[in-house]
Amino acid sequence: MTHPSHETLPLAVSFLTLGCAKNEVDTAHMQERLAHAGFSIVNEIADADAVVVNTCSFIQSATEESIEAILDVAALDAVRCGHTKLVVAGCMPARYGDDLAAELTEASMFVPCSKEDDIVSILCDLFGIDRTVEPIDDDFSYGEANGAGTSALNIEAADYALPDQEMSAVSAYVKISDGCDRFCSYCTIPYIRGRYHSFTYSDIRQEVSRRIAAGAREIVLIAQDTGRWGSDLGSDDTLASLMDRLADEFAHVWFRVMYLQPEGITDELLHVFAKHDNICNYLDIPLQHVDESLLQAMNRHGNRHEFVQLVDRIRRMLPDVVLRTTLIAGFPGETDEQFEDLCSFVEEGYFDYVGVFPYSREEGTRAAALADQIDEDEKRDRAQRVRDIADSVCSQIIAARIGRTFDVLIEGIEEDGQLFGRAMCQAPEVDGVVYVSEGNVGDVRRVTITDTLLYEMEGE
């Protein structure tokens, strides 16, 4: 491509996003800020004057994937020749700071999470642009919540020169808070994202409204710790009141909440779920383990008995609820007996979906210094054994849906023309899809399940 002068806009920026849905939201906000300032957002790296790699660094494997992606971009001719700038953003700069700049000399700029709201001024400085852009509406304070002290956008989707992939998504993620105060001993999030802070109701409502105006039929509320929402706002607001108000106002849209710690599942919240047909009866509850002593070493609470009681309480109040959890295998000091107890718990079939990860020893966390670290091969073997048990148990739960009828939100079309969507019992990206024979993207259709294959379902 022919690159324009770096003294005036428009310049083209491409994004490569790694990691979780929260990173996808951060990328969308950076894109929106840049588009508002006059930058052009493009899908193809080959068409870009700058490439922003929004990295993940939650665990070592994610860091390695991010580094590989950065080096792949750095190896492109346009980047090597200096025509295209490489910007590294997100969790890696937040976690490793100045050390990263010394190691990744290929990058022109590093933007930690706390500075992502300043992406416009950062790129303008990088390109030597003297920009004049109308100020962004101060009523929207995602930026302040992220610690950058700048406000986010308050403009309609039609005002953007954005690719159609994010703003027009049928299902959209909306962050309700950032950071975490739990300091689980294995986790790097508090060091990357900072302390917990809720976004205000008005900010969240505005973001929800914008996504719906752009075509979203499902809003997925996410955060590192969604159940704590409102606890730091100095009001009576709770996650339950947030969802109650949103579900009332936007009654034609599905609402889903992810990443609920066990302590956040209150009777008040369950009553709100039961009250609204447009709130997905779906709870994602990361337990991590069921052995009390291991959970204490993780700086977490609970035990197998308490978790069984929690599941029973949820199912009494929401008989049709679908439950997901995540578990860690091979945490330091995990004995054979404790591991077998974890396997036995999964075999009981309390959860419809189970994600399993081998413990990752992360530099700077307390768990990294614990004695009795378990061999890498053994951790992987243990995690795979739990996955195999979960697949066997959960696939039978999925197969029991054959003959049942669900509302299915049609999300897209595969290359061969096959339509697919998701029922309320399936969260985006993790629980499989429903293949359907007719309909249009964005429709909600009544679908009877005719067959299943592991986590995928077929219906008509």
Side-chain angles (χ1 to χ4, degrees), residues 20-22 24-25 169-174 211-212 215-222 226 243 247 252-260 265 270 273-274 276-287 311 314-315 318-327 346 349-356 387 390-414 418-460:
C20 67
K22 294 177 282 293
E24 294 178 20
V25 173
V170 170
S171 177
Y173 294 104
V174 172
R211 298 300 171 185
I212 293 172
R217 299 293 306 276
E218 176 188 45
I219 298 294
V220 185
L221 303 178
I222 57 172
T226 49
M243 298 191 72
H252 63 293
V253 174
W254 291 5
F255 284 91
R256 186 186 304 273
V257 63
M258 302 291 287
Y259 318 127
L260 266 166
I265 303 174
L270 296 177
F273 272 66
H276 294 281
D277 290 338
N278 61 324
I279 293 180
C280 300
N281 278 355
Y282 180 105
L283 293 171
D284 175 20
I285 314 168
L287 299 181
V311 170
I314 294 169
R315 293 195 183 277
L318 298 174
D320 294 329
V321 73
V322 171
L323 300 178
R324 163 176 275 276
T325 193
T326 51
L327 303 169
V346 175
Y350 297 110
F351 287 84
D352 303 78
Y353 301 99
V354 180
V356 188
R387 286 192 200 105
D391 286 346
S392 175
V393 172
C394 296
S395 62
Q396 295 179 51
I397 295 173
I398 308 305
R401 296 173 185 166
I402 294 174
R404 294 179 59 190
T405 301
F406 298 88
D407 286 338
V408 172
L409 173 60
I410 300 178
E411 285 194 292
I413 307 172
E414 295 193 339
Q418 174 68 63
L419 283 167
F420 65 90
R422 285 180 298 104
M424 283 188 169
C425 58
Q426 296 171 301
E429 304 178 47
V430 292
D431 296 334
V433 298
V434 182
Y435 293 105
V436 296
S437 57
E438 59 184 86
N440 299 302
V441 174
D443 287 348
V444 175
R445 302 296 295 268
R446 293 291 289 172
V447 174
T448 300
I449 303 304
T450 58
D451 199 4
T452 64
L453 178 61
L454 196 54
Y455 298 106
E456 313 291 355
M457 300 192 292
E458 294 181 1
E460 59 186 28

Within the distance-only criterion (no hydrogens, no angle test), does the side chain of [X] pair as donor or acceptor with the backbone N or O of [Y] below 3.5 angstrom?
{"X": "Asn278", "Y": "Val253", "answer": "yes"}
{"X": "Gln418", "Y": "Ser437", "answer": "no"}
{"X": "Arg387", "Y": "Val356", "answer": "yes"}
{"X": "Thr450", "Y": "Glu458", "answer": "yes"}

Identify the two heavy atoms, one from [X] and one from [Y], that lie closest to each other, and give their separation to 0.1 Å.
{"X": "Met258", "Y": "Thr226", "value": "O-OG1, 2.9 Å"}
{"X": "Arg315", "Y": "Asp352", "value": "NH2-OD1, 3.4 Å"}
{"X": "Val346", "Y": "Leu327", "value": "CG2-CD1, 3.5 Å"}
{"X": "Tyr259", "Y": "Ile222", "value": "CE1-CG2, 3.8 Å"}
{"X": "Met457", "Y": "Cys425", "value": "CE-SG, 4.3 Å"}
{"X": "Asp443", "Y": "Arg217", "value": "CA-NH1, 4.5 Å"}

Heavy-atom side-chain proximity of [X] to [Y] below 4.5 angstrom:
{"X": "Leu270", "Y": "Ile265", "answer": "yes"}
{"X": "Phe406", "Y": "Gln426", "answer": "no"}
{"X": "Ile402", "Y": "Asp451", "answer": "yes"}
{"X": "Ile285", "Y": "Ile314", "answer": "yes"}
{"X": "Tyr435", "Y": "Val433", "answer": "yes"}
{"X": "Tyr350", "Y": "Thr325", "answer": "no"}
{"X": "Ser171", "Y": "Val220", "answer": "yes"}
{"X": "Leu260", "Y": "Asp284", "answer": "no"}

Inter-residue atom distance [X].[atom1] - [Y].[atom2], 0.5 Å rounding:
{"X": "Ile398", "Y": "Leu453", "atom1": "CD1", "atom2": "CG", "value": "11.5 Å"}
{"X": "Tyr282", "Y": "Met424", "atom1": "OH", "atom2": "CE", "value": "13.5 Å"}
{"X": "Asn281", "Y": "His276", "atom1": "CG", "atom2": "NE2", "value": "11.5 Å"}
{"X": "Leu283", "Y": "Arg256", "atom1": "CG", "atom2": "CZ", "value": "10.5 Å"}
{"X": "Ile219", "Y": "Trp254", "atom1": "CD1", "atom2": "CH2", "value": "13.0 Å"}

Crowded around Glu460 CD? As in, over 12 foreign heavy atoms under 6.0 Å? no
Flag yes if more than 12 heavy atoms outside Asp391 fall under 6.0 Å of its CG atom; otherwise flag no. yes
With Asp431, the salt bridge (Lys or Arg N to Asp or Glu O under 4.0 Å) member among Arg324, Arg422, Arg401: Arg324
If you apply the rule side chain to side chain contact (heavy atoms under 4.5 Å, CB included), what do you find for Met243 with Phe273, and how did you get there? CA-CA 8 Å; Met243 298 191 72; Phe273 272 66; 3.9 Å; yes
Going by ring-ring contact (aromatic ring centres under 6.0 Å, His included), name the residues that satisfy it together with Tyr353, two or more places apart in sequence or in a different chain. Tyr455
Electrostatic pair Arg445:Asp407 at N-O distance under 4.0 angstrom: no
